[in-house]
Number of protein chains: 2
Amino acid sequence: MTSVEEPARPRGRTRDAARTRAEILDMATQEFARAGYDGARVDEIAARTRTTKRMIYYYFGGKEQLFTAVLERAYGVIRDAEQQLDVEHLDPVAAIRRLAELTFDHHEQHLDFIRLVSIENIHEAEHIVASEKLAAIGSPALDVIRRILAAGQESGLFTADVDAVDLHAMISSFCFFRVANRHTFGALFGRDLTDPARREHYRAMLGDMVIAYLTADRAED
Amino acid sequence: MTSVEEPARPRGRTRDAARTRAEILDMATQEFARAGYDGARVDEIAARTRTTKRMIYYYFGGKEQLFTAVLERAYGVIRDAEQQLDVEHLDPVAAIRRLAELTFDHHEQHLDFIRLVSIENIHEAEHIVASEKLAAIGSPALDVIRRILAAGQESGLFTADVDAVDLHAMISSFCFFRVANRHTFGALFGRDLTDPARREHYRAMLGDMVIAYLTADRAED
DNA sequence: GCACTAATGTACGAACCGGTACGTTAGCTA
DNA sequence: TAGCTAACGTACCGGTTCGTACATTAGTGC
């Protein structure tokens, strides 16, 4: 990728199945994220690789399967990142805040992934549903949230009656919306939600919101 | 739309520019929302109207302009609904909660609109940016939020340092995500965020979250 | 009732695009 | 080094799809 190719081999197309496959996946990710499933062009993906369209069909079978493979890899990256989570040594409040911040950062750093998820939702998650890999991918983050939540609720720190899935949805909502809808939001309300100058503001706002919700005084209930 | 057509006119195509235009717009909204911009088929839109493809080009010019017209009308509907907002007679806490609930309901009732917004974001809001109508559409809801927020902050009820745009983003995030991403979320986490049985739960959760955030004890700051 | 135009229908073209038939070669193995 | 196969390239096909040229008619104004 970093212009290291000519020196290694003078001319003749070397054969490297793994590299070719990975290169197709990389370019396909970019193209699908750029234009959506129907807007993406198989020829365009091929043109950006060092191989030809023929190889896309050779390795993946077709456009549909290629998109599924792109999704599988993208979700795999997320899952791997979630497995690195290390927040359980913190007290529940700090742990949840840290988790929210990491989710925030992750969304910001994986713009292509956010687009792929939006696109997949337009297609009603049909590729995910049909994928065996994605059916069983699980979510390490959910387990982490579950344990922190249990600790916080047991100690009486957390008053809210939520489970891990709902809390995950709450955190993801804000992170996802901020990135995915920044174009229409910016155009209509004149505010760029991803302006670096406001990044810390929104990151703190998310943490404040989640903690306020979890620890709110619920005397009135 | 309710099978009232044959009795009125026996056969010959009656001419009604307004009706034809509106019918095209209706079907285009459905088709674009169903399949995305590139996935939508002009022929399919035409087939669902009582007129022909020719009329789409006659009235709108092309696919691109048709999509812009669809967006313009969809956003117009939202704006009109927002102008009906009547919550300022309530105290700030109740007013914000009510506003959040109305936003929640509105998202749930306009699934096509949510999809169109997702699609427009994939295209980086290019149609909105290019539309004069949408550039000047404004947001009545923002003004309402601004006033409630000012009242709440002045009285000391609201401790959070947010402005109307950010609060609107917070509320919209949850409402939008719940509907727009329900397919991938459901497939991956096994929970249907739009299950009617959980509707009240999420509606209350949103209100709780926003109010908790706005009124949180910020002694530690 | 005549003329004019807005509104509508038909038929078709040309480019695009996913997919494939067919041929070739690098590199490993025996 | 001969032979075999995974890996690759070229050229092309056929259906799809946006868009339009051309013909027609309903309704309106005079």
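Chain identifiers are assigned alphabetically (A, B, ...) following the order of the sequence lines, protein sequences preceding nucleic acid strands; residue numbering begins at 1 within each chain.
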> CG of B:D166 to NE2 of A:H201: how many Å apart, nearest 0.5 Å?
Replying inline: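 It is 3.5 Å, given to the nearest 0.5 Å.
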
> For B:R21 and A:Y37, take the nucleotide of DNA chain C holding the closest heavy atom to each; which residue's nucleotide lies nearer the 5' end?
Replying inline: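 The residue mapped nearer the 5' terminus is B:R21.
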
Short heteroatom pairs, N/O only, protein and nucleotides 21-25 of chain D, under 3.5 Å:
from, atom 1, to, atom 2, distance (Å)
D:dT25, O2, B:R15, NH1, 2.8
D:dT25, O2, B:R15, NH2, 2.2

> Can a side chain N or O of A:T52 be found less than 4.0 Å away from OP1 or OP2 on D:dT10?
Replying inline: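 No.
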
>> Quick check on D:dA7: is either OP1 or OP2 less than 4.0 Å from any side-chain nitrogen or oxygen of A:T51?
In response: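 It does not, given that no N or O in the side chain of A:T51 lies less than 4.0 Å from OP1 or OP2 of D:dA7.
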
Rounding to a whole Å, what distance do you find between [X]:[atom1] and [N]:[atom2]?
{"X": "B:I56", "N": "D:dT17", "atom1": "CD1", "atom2": "P", "value": "14 Å"}
{"X": "B:D16", "N": "C:dG9", "atom1": "CG", "atom2": "P", "value": "12 Å"}
{"X": "A:M55", "N": "C:dT24", "atom1": "CE", "atom2": "C1'", "value": "11 Å"}
{"X": "B:D43", "N": "C:dG13", "atom1": "CG", "atom2": "P", "value": "16 Å"}
{"X": "A:Y58", "N": "C:dA26", "atom1": "OH", "atom2": "C1'", "value": "12 Å"}
{"X": "B:E44", "N": "D:dT16", "atom1": "CD", "atom2": "C1'", "value": "13 Å"}
{"X": "A:Y57", "N": "C:dA21", "atom1": "OH", "atom2": "C1'", "value": "14 Å"}
{"X": "B:I45", "N": "D:dT17", "atom1": "CD1", "atom2": "P", "value": "12 Å"}

> Short question: side chain of A:E31, backbone of A:R41 - any donor-acceptor pair under 3.5 Å?
Replying inline: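 At least one qualifying donor-acceptor pair exists.
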
> Below 4.5 Å, heavy atoms only, C-beta onward: do A:D38 and A:H123 meet side chain to side chain?
Replying inline: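 Yes. Closest side-chain heavy atoms under 4.5 Å.
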
>> Tell me which residues in residues 62-71 of chain B lie within less than 4.0 Å of DNA chain D, going by non-hydrogen atoms.
In response: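 Heavy-atom cutoff 4.0 Å gives B:G62, B:K63.
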
> Using a cut-off of 4.0 Å on non-hydrogen atoms, how would the nucleic acid contact of A:A40 be classed: base, sugar-phosphate, or nothing?
Replying inline: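 Sugar-phosphate contact only.
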
Report all side-chain donor-acceptor pairs from residues 181-189 of chain B shorter than 3.5 Å, counting only partners two or more places apart or in another chain.
from, atom 1, to, atom 2, distance (Å)
B:R182, NH1, B:V179, O, 2.9
B:H183, ND1, A:N121, O, 3.4
B:T184, OG1, A:N121, ND2, 2.9
B:T184, OG1, B:N181, O, 3.4

Would you please name every residue forming a ring-ring contact (aromatic ring centres under 6.0 Å, His included) with [X], sequence neighbours left out?
{"X": "B:H110", "answer": "B:H106"}
{"X": "A:Y75", "answer": "A:F113"}
{"X": "B:F32", "answer": "B:Y37, B:F67"}

> When the ring planes of A:F176 and A:H107 are compared, do they come out parallel, tilted or perpendicular, using 30° and 60° as the limits?
Replying inline: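 Answer is perpendicular, since the angle exceeds 60°.
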
> Salt bridge check: are B:D112 and B:R115 linked by an N-O gap of less than 4.0 Å?
Replying inline: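 Not counted as a salt bridge, because no side-chain N and carboxylate O are separated by less than 4.0 Å.
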
